[in-house]
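Just so you know, ligand 1 is whichever comes first in the structure, and atom 1 is the first atom listed for that ligand.
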Amino acid sequence: MVGALSAALLCTAGATALPAAADVPHTPGTTDTAHNSRTATAPRLPDGLAKTPPMGFNNWNSTHCRAEFNEEMVKGIADLFLAKGLKDAGYQYVNLDDCWALPTRDGNGKLVPDPQRFPHGIKAVADYVHAKGLKFGIYTSAGTKTCNSAGFPGGLGHERSDAQQFADWGVDYLKYDNCNNQGVDAKQRYRTMRDALKATGRPIVYSICEWGENKPWEWASDVGHLWRTTGDISDSWSSMLDIAKQNLPLAPYAGPGHWNDPDMLEVGNGGMTDTEYRSHFSLWAMMSAPLLIGSDLRKATPETFEILSNKDVIALDQDALGKQATVLRSDAGRWTLVKQLADGGRAVALFNETGQPQRIATTAAAAGLPQAAGYRLRDLWQHRDTHTTGTISATVPAHGTTVFRVTADKRWTDYPPAVETGTDRAPLVEAGTPAAVRSTVRNLGGTPARNLTVTLKAPQGWQSKATTPATARALAGGRTLTTSWRITAPAGIAPGAYDLPLTAAYRAPNGARATATLPGTAHVVVPPPAGTTYAADLPWLTAANGWGPVERNTSVGESGAGDGRPMSIGGTAFTRGLGVHAPSEVGFYTGGRCSAFSARVGIDDEAGDRGSVRFEVWADGRLVTSTGTLTGTDAPTALSVPVAGAETVRLVVTDGGDGIDYDHADWGDAKFSC
Ligand code: GLA
């Protein structure tokens, strides 16, 4: 028992806490002059390599050290670069990561390729890759051994010989890791290999991988062409987000030939949704990050290829000016990032960190564009051009990113006006009972949207009816059409989330057709029964946890469902309640039928005296109560609050301000009176 618990808690201790959005310094978009001076004076490598961030592939994120990392794989990836148009899209490097060598050098101190993985040696693979017009990369560590526990040889003390061996094989890119560095000064270790690479006379892109430990952005612009800024990425939303937040503030240090590297892409590896992978790819492109594909393309879905080959987004990453995006605004999980582009335009990414759709808006002026009557606005995921007179806005889905390329364009009237679609809510629908939604369609342009038709498309078998006009002959620039809808889900339908897209179809004055679609959701809900009901016996609208799933009637176990233990807070046992892990939010539909909520809350005793959290109860958008910071030594805190009239109640646990380690929180005896 004790062993299992400490293992679980260890995993928590190793977790990286998500900093609140507000933790990231607010970097106004108007600091470009400062950036210019910083990048202009930084010394550079004089070799002209990596003028734009390197693009290619690396096996690590998909295979780690497993046997499937071998010659067949590498050749297969090179083949797919051509077959799938990735080479055309700009991907160039096919790179090997750790585990390609044997653990011991040969009698001459040379590195020996693992004959099982690379039966024809490394040069043969490099030749194969080169024959396709691609480039080839390899890996070793600036230490005595690489990072893998098998102990493959590292380059420390062998720089000249290893660099020459790489050059002889035809290596075009070296990733130089940081493990087993024997405490030798990082600047010295990375400079020695820089000089060794230079001495070979072969142009080799040099990727410094010391995980940001020695702030390479401050000293490495004339050492390497890119440097990792963080620890390793993993294939999860929280890892990707955490790394993006660490890399964003480093914008002033990036530029042609010297890039911040927030680690390789996880797109397609299966741990995130496609919406999340689009955000990952958008953020990396906005941050001028190297785009190294990290999934095994031989198994990739069409969606993965579609994301990785989005040329509109790649063009931001590869923009000749080489300016990393800055944070124009970050507020409650809504992010506006702006990237200055070589053509004078700006890329604007509206990124929604939250689990709910959010409206995020800015203006062309705030993004740093010159004053103009109109701007061309290209949506880089929908590949559609419209125009705006200044507003840049969208309702962005949960964990989604909308990316626009905005250009001052004299011919802006050639493009249809942009319209922004929105709804006042994601409706909660009781089967058989009509629910109300209001949609808005706003013309952001300077010309009318003609023959406008708005539809709110409910699933088959549902009814969706506009009770006020849903069409307009012409919606003038700056005007909004608001429509009320009544939607009804068929009796007996299963509770859950259903698609409810809102579409505005219209014509530009020049006759061109345009549409704008907002992917929406309706939740079919079940009213709570009359009387007193334990929260653990009610269905959840939403349930989110920092670690593992929310548990009914046990503490949280951190990984699979049902892996919790009996709940107890300060020595008091609870047989009923919810076991959660900060940051957590569990939502309930109360439908205006419940009068009160009560619970006894605190940190579960299994966390010992560690962990600290705050509990909050929200009725609709209103904070009804919150505890102070509770720690592992506190007795249960009793909560009893009115929730009369609320349609939803949300039970929230925050991390108490010190990260989420050990934050096992219990809502003991949580119940509703309805
Ligand atoms: C380190 C690096 C990773 C990967 C592994 C290989 O963790 O940061 O990117 O190269 O080593 O062992």
Colleague: Would you find a donor on one side and an acceptor on the other, under 3.5 Å apart, between the side chain of Glu266 and the backbone of Met264?
Modeller: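 Such a contact is absent between Glu266 side chain and Met264 backbone.
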Colleague: Would Lys175 count as a polar contact of ligand 1, with the cut-off being nitrogen or oxygen pairs under 3.5 Å?
Modeller: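 N/O-N/O distance under 3.5 Å: yes.
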Colleague: Return the closest protein heavy atom for atom 12 (O) of ligand 1 as residue, atom name and distance.
Modeller: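 Looking at atom 12 (O) of ligand 1, the protein heavy atom closest to it is Asp98 OD2, 2.8 Å.
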Colleague: Above 12 or not: heavy atoms from other molecules or residues under 6.0 Å from CD of Glu306?
Modeller: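 Atom CD in Glu306 is not crowded, with 12 or fewer foreign heavy atoms closer than 6.0 Å.
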Colleague: Under 4.0 Å from ligand 1, counting heavy atoms only, is it the side chain of Asp177, its backbone, both or neither?
Modeller: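 Looking at Asp177 and ligand 1, just side chain atoms fall under 4.0 Å.
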Colleague: Distance under 4.0 Å to a non-hydrogen atom of Trp60: what atoms of ligand 1 satisfy this?
Modeller: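 Ligand 1 atoms under the 4.0 Å threshold to Trp60: 4 (C), 5 (C), 6 (C), 12 (O).
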Colleague: Ignoring hydrogens and angles, tell me if any N or O in the side chain of Glu159 forms a donor-acceptor pair with the backbone of Ala163 under 3.5 Å.
Modeller: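 It does not hold such a pair.
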Colleague: Would you call His64 a ligand 1 contact, heavy-atom distance under 4.0 Å?
Modeller: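 The answer is no, since His64 has no heavy atom less than 4.0 Å from ligand 1.
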Colleague: With the threshold set at under 4.0 angstrom, would you say Asp97 reaches ligand 1 through any of its heavy atoms?
Modeller: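 It does, in that a heavy atom of Asp97 comes within the 4.0 Å cut-off of ligand 1.
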Colleague: What part of Cys209, side chain, backbone, both or neither, has a heavy atom within less than 4.0 angstrom of ligand 1?
Modeller: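 Contact part for Cys209 vs ligand 1: side chain (C-beta onward).
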Colleague: Could you tell me if the ring centre of Trp100 sits under 6.0 Å from that of Trp60?
Modeller: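 No, too far apart.
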Colleague: Between Trp237 and His399, is the ring centroid distance below 6.0 Å?
Modeller: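 Between Trp237 and His399, the centre distance is under 6.0 Å.
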Colleague: When you measure from the side chain of Arg329 to the backbone N and O of Ile360, does any donor-acceptor pair fall under 3.5 Å?
Modeller: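 Not confirmed, Arg329 side chain does not pair with Ile360 backbone.
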Colleague: Within a distance under 4.0 Å of any heavy atom of Trp211, pick out the atoms of ligand 1 and give their elements.
Modeller: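 Selected atoms, number and element: 2 (C), 8 (O).
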Colleague: By number and element, which atoms of ligand 1 are closer than 4.0 Å to a non-hydrogen atom of Arg228?
Modeller: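 Contacts of ligand 1 toward Arg228, numbered from 1: 8 (O), 9 (O).
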Colleague: Any cation-pi pair here, Lys87 with Phe81, using under 6.0 Å and within 45°?
Modeller: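 Checked: cation-pi criterion not met.
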Colleague: Using a strict 4.0 Å cut-off to heavy atoms of Cys147, name the atoms of ligand 1 that fall inside it.
Modeller: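 Contacts of ligand 1 toward Cys147, numbered from 1: 1 (C), 11 (O), 12 (O).
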Colleague: For Tyr128, is the NZ or CZ atom of Lys75 found under 6.0 angstrom from the centre of its six-membered ring and inside 45 degrees of the ring axis?
Modeller: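 Yes; both conditions hold, so Lys75 lies above the ring face of Tyr128.
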Colleague: Quick test: of every protein heavy atom, which one is nearest to atom 3 (C) of ligand 1, and how far off is it to 0.1 Å?
Modeller: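 Going atom by atom, the protein heavy atom closest to atom 3 (C) of ligand 1 ends up being Asp232 OD2, 3.4 Å.
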